[in-house]
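First the proteins, then the strands, lettered A, B, ... as listed; each starts at 1. Both backbone and side-chain heavy atoms feed into the values below; hydrogens, waters and symmetry mates do not.
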Amino acid sequence: MPRNFDYADAEPRLYDWWERKGWFKPEVAGADAEPFVVSMPPPNVTGSLHLGHALFGALEDLMVRYERMRGKAALWVPGTDHAGIATQLQVENMLREEGSSREEVGYEEFLHRTWQWKEEHGGTIIRQLRRLGASCDWDRERFTLDDGLSTAVIQAFLTLWEQGLVYRGPRLVNWSPGLQTAVSDLEVESSEEEATLYYFKYPVEGGEHIPVATTRPETILGDTAVAVNPADARYAGFIGKSAFVPILGREIPIIGDDAVDMAFGTGALKVTPAHDFGDYEIGQRHKLALVNVLNKDASMNAKAGKYAGADRYDCRERLWRDMEAAGLTIKTEAYSTRIPRSQRGGEVVEPMMSTQWYVRIQPLAEKAIAAIRDGDIKIVPERYEKVYFHWLENIQDWCISRQLWWGHRIPAWYRERDGDPEGEIHVGRDAPQGEGWVMEEDVLDTWFSSGLWPFSTLGWPRESDDLERYYPTQVMETGHDILFFWVARMIMMGLWFTDKPPFHTVYLHGLVRDRHGKKFSKSLGNVIDPLTVVDKLGADPLRFTLITSGTPGNDVNLDETRVDHTFRFINKVWQITSFINMNLEGELELGLPPVEELDLPARWILSRLHRLIANVQHLFDIYQFGEAGSQILAFMWDEFAPYYLEISKHAMYSGNDGEKIATRRVLVVVQDTCLRMLHPFMPFMTEEAWRYIPHDGEALIIADWPKANEVLIDDEIESRMNVLLELVRELRNTRGEYKVDPGKRIKALAKAGAAAQDLAAHDYVFRRLCNVEELQLLTAEDPAPTNSASIVVSDIALYLPLEGMLDLEAERGRLEGEANRLTGQIAKTQKMLGNDNFVSKAPEDIVQRERDRLADLESAYAQVAERLSSLSR
RNA sequence: GGGCGAUUAGCUCAAUUGGAUAGAGCAUCCGGUUUACACCCGGAAGGUUAUAAGUUCGAGUCUUAUAUCGCCCA
């Protein structure tokens, strides 16, 4: 067996082997196996792996491998998303570098180039996921723009259309001038920014003025009313009169509306229904005209009069200067307000009138709310259910059309009628018969197709075998940042189109941040590339670290020193395997010998192991994978390796054949069990290590998940062993305090009371673990040795003759400290047990535990006190 | 404005039906080439669990308020 785990060699070799053997496919579990299906959140096809992907990869692969080992037909469906805007921007950038543009090359050529780009770059992220060890069924890989999914998208759209849930019409939308498309509410991010509030005078008939304030003066040009609150004594008299748009002189009404906030600004409001969501509402109520003054690139249009053609911000300045000259301005003041920006491009989004396609989402949302409320779908952690409800209960119709070229083109055709080029409309799978039909140019929002993902990837709308067998899926694991974008829409669309919840559990993870909780960003220079980490240390350390660094729903602060530590843990596990491997001899019967034939250390480690299995099982049941991983690590590093392995050397090097075989069998069983439990966390090393210990079965990836055996969990065995181990720790400690050379063999004498038998039978434990060459048992009557340091555990006293090294003062101080500590604890425990409420109300076992503890403390105290008094004689 | 989360060792994080002395890693200090591992081993130090009140026999854990930071929604 190699001295170290060579991940660079093993990772590709094992991955190919697993895949070639078909173990990533659910079919290996047999036709009767219960399915366990996870749909991978499809990464953007043009993306490259970042830590967010690494986190979902690690978590989903963990779940899939775990369920595969439990005998389920485990299926992880991989794929990529065409990511409309993101991809189109990439290709547009490429064209720009060539000195060309989307418009210049034209629609057909642009699509051609984008597909080409996809073919060239689309495989990157998939290759990177493989490097992490992702056990997806790659034969089932899908792409949101492939033929099958396109069929699904069209089917979904047409169904909604036929049900009257899709409509098209002019509405106020969030318009992204940079991208020149509408974007949904979710794609707009508002944040507080410093702006200017402009106060000016709105001219009113008869030469009067109403003072008005705005942050966007250029929208004055699109005003179609001035509104005041009817309850406002200052302005109520103006209602019904006419005002005149500054500079343009257009006549508009002054209206009264309760929505006007009397306390804000001047208390009077300019109303621009075509460029403000609030004003739009007022406009609807008062049947105001809509005057759109912006072009698609946010320059001013002809309605802006002499400002036509100017950029919106130039116009703002020029208009204000002109108003100043006209004596219409009052003042400007600094003002902090929320500025809406495009999530993608970052530019300021303008509310603008535009004709778009919408989904009437209410009926779908109602089903989605019910699914969570009725428990058909659970969200982990649960607190996100509230967030989910709040969003769905206040949901707005979904603008699904985008003015892009890369995407699913909306299946609609228009024909001119009565001078209106869109006078006639046809929605259907195919172009209508007849002349003059022009297909809709808009495409669907990317999230429309990803909303169908759990079932479209399995063949829907075809009644495929996969759909029948693997839908609904089980767990949807994804980031909490796309709860609305994606999860809620999958639930709505899944319920609507398949009448089944698309999964029973939503597991949400957080964002991966740097070790100080900062977002990764190129400008901060704190970006960690997962592939660099994988190159340097292998995939296993990164996976384990990501999983154990956080809890569900919370952000993960990745501390790279933890990756290093996991790397060392992996080495540790490898070395344990290596030790077992080199102590094997001939054939070994698998499994445990009868328990009665096992010695105390063996029964102890098995009890600990099965307690661990039970804990890990519970933690997996409640999706606490990180804690499960930490517990396995702690067991191996703090119990199995330093104690049992060391103790086993006694049997291994000086035992008889029977003892050797029994010990080997225990070592193999414990290691085998740990490797199984670790496999979902760190598949590569565990698979490779498993080959070096006796095992049953072809590969760890398809080995059985361990089950706890209650019979082996034994409190009494554990506490007997704990006494020995506690003595070992105290001995080491005391040696250290007296600076006894670690290599020096010393002698120990013990008054062991009830534990005498255990001490005598396991004296080698002290030889191995703390270099005690001889352990001599004293009876209670024997005088305590003089000139020795003493150690007390429970009712056991251990004496270390340290001739010449013992400092009586120091020893007295040491024992006094110990006595004080014990007195304190005894007092505390006595107080607890003296409390009738505690004794009568606390559970029986807790009370008993305290009683046992008190007895222990008291006998320890007695030993210490006796020793102290003999020292002072 | 509404909602959610976080606050535990110098730093990054655990502690899931409320129960013993609140645990790891990194960093620090002391000591070690012990035949699996120096990618290691043994030991030490480091905590008023943000603050205040409450519930309880018992609170890091439950309740309320406050503070600070972060996120989401309007």
How does each nucleotide of nucleotides 69-74 of chain B score, in 5' to 3' order, for protein heavy atoms under 4.0 Å: base (B), sugar-phosphate only (S), or none (-)?
---SSB
Are the side chain of A/D795 and the backbone of A/S859 linked by a donor-acceptor contact shorter than 3.5 Å?
no
Between B/G25 and B/U64, how many Å separate the two P atoms, rounded to a whole number?
36 Å
Can you tell me if A/R732 touches the phosphate of B/G43, counting only side-chain N or O atoms and a distance under 4.0 Å to OP1 or OP2?
yes
Using whole Å, what does the distance between atom P of nucleotide B/G25 and atom CH2 of A/W637 come to?
8 Å
Is A/Q624 touching bases, backbone alone, or none of the nucleic acid, heavy atoms closer than 4.0 Å?
base
Sugar-phosphate, base or nothing in reach of A/D741, heavy atoms under 4.0 Å:
nothing
Ring-plane angle category for A/Y764 and A/H650, please: parallel below 30°, perpendicular beyond 60°, tilted otherwise.
parallel
How far does the P atom of B/A22 sit from the matching atom of B/G46, given to the nearest Å?
13 Å
Sort out for me which residue in A/L667, A/T577, A/V669, A/L588 forms a side-chain contact (heavy atoms from CB on, under 4.5 Å) with A/I693.
A/T577
Euclidean distance, atom CG of residue A/D559 to atom P of B/G25 [Å, nearest integer]:
13 Å
How far does the C1' atom of B/U55 sit from the matching atom of B/C62, given to the nearest Å?
8 Å
From CE (A/M682) to CE (A/M677), nearest 0.5 Å
12.5 Å
To the nearest 0.5 Å, tell me how far A/D258 CG sits from A/I282 CD1.
10.0 Å
If a pair means Watson-Crick or G-U wobble with both distances below 3.5 Å, what does RNA chain B look like in dot-bracket form, with | marking bases paired to a different strand?
(((((((..((((.....[...)))).(((((.......))))).....(((((..]....)))))))))))).
Could you tell me whether A/G550 contacts a base, only the sugar-phosphate backbone, or nothing, with contacts defined as non-hydrogen atoms closer than 4.0 Å?
sugar-phosphate
If I take atom CG from residue A/L678 and atom CZ from residue A/F635, how far apart are they, to the nearest 0.5 angstrom?
11.0 Å
Is A/R171 salt-bridged to A/D397, cutoff N-O under 4.0 Å?
no
Rounded to whole Å, CD1 of A/I570 lies from P of B/G25 at a distance of 16 Å
Contacts to RNA chain B from residues 560-568 of chain A, heavy-atom cutoff under 4.0 Å, which residues?
A/T561, A/R562, A/H565, A/F567, A/R568
Before giving the answer on side-chain contact (heavy atoms from CB on, under 4.5 Å), spell out for A/L392 and A/M492 the whole-Å C-alpha distance, their side-chain angles and the decisive distance to 0.1 Å.
CA-CA 10 Å; A/L392 283 174; A/M492 289 192 282; 3.9 Å; yes
Going by ring-ring contact (aromatic ring centres under 6.0 Å, His included), name the residues that satisfy it together with A/Y644, two or more places apart in sequence or in a different chain.
none
Calculate the interatomic distance between A/R383 atom CZ and B/U16 atom P; express it in whole Å.
15 Å
Suppose you measure atom P in B/C73 against the same atom in B/A9; what distance do you get, rounded to whole Å?
32 Å
Which residue lies more 5' along RNA chain B, comparing A/T548 with A/V728 via nearest heavy atoms
A/T548
Gap in Å between the two C1' atoms, one belonging to B/A59 and one to B/C40, rounded:
40 Å
Parallel, tilted or perpendicular for A/F620 and A/F625, by the 30°/60° rule?
perpendicular
Using the P atom as the reference point in each nucleotide, state the distance between B/A24 and B/G32 in Å, no decimals.
24 Å
For B/U51 and B/U68, measure between their P atoms and round to the nearest Å.
16 Å
Within the structure, does a side-chain N or O atom of A/N571 lie under 4.0 Å from either OP1 or OP2 of B/C40?
no
Interatomic distance, A/F544 CZ vs B/U12 P [rounded to whole Å]:
21 Å
Please walk me through it: do A/T505 and A/Y623 pass side-chain contact (heavy atoms from CB on, under 4.5 Å)?
CA-CA 10 Å; A/T505 299; A/Y623 297 93; 3.6 Å; yes
Nucleotide by nucleotide, nucleotides 28-36 of chain B touches protein heavy atoms under 4.0 Å in the pattern (B base, S sugar-phosphate only, - none) ---S----B
Have a look at A/S549 and say if it touches a base, only the backbone sugar-phosphate, or nothing, with a 4.0 Å heavy-atom cut-off.
sugar-phosphate
Show your working on side-chain contact (heavy atoms from CB on, under 4.5 Å) between A/I576 and A/F579 and close with a plain yes or no.
CA-CA 5 Å; A/I576 296 170; A/F579 169 80; 5.7 Å; no
Within residues 843-855 of chain A or reaching into it, pairs that qualify as salt bridge (charged side-chain N to carboxylate O under 4.0 Å, His left out) - sequence neighbours excluded
A/E850-A/R853
With rounding to whole Å, what would you report as the distance between B/U61 and B/A15 at their C1' atoms?
9 Å
Pick base, sugar-phosphate or nothing for A/K828, based on heavy-atom distances below 4.0 Å to the nucleic acid.
sugar-phosphate
A/Q617 and A/D621 side chains, donor-acceptor separation under 3.5 Å
yes
Describe the nucleic acid contact of A/T551 in one word from base, sugar-phosphate, nothing, applying a heavy-atom distance below 4.0 Å.
sugar-phosphate
RNA chain B: A/M832 or A/R515, which has the more 5' nearest nucleotide?
A/R515
Look at the side chain of A/R768 and the backbone N and O of A/S648, then say whether any donor-acceptor pair between them is shorter than 3.5 Å.
no
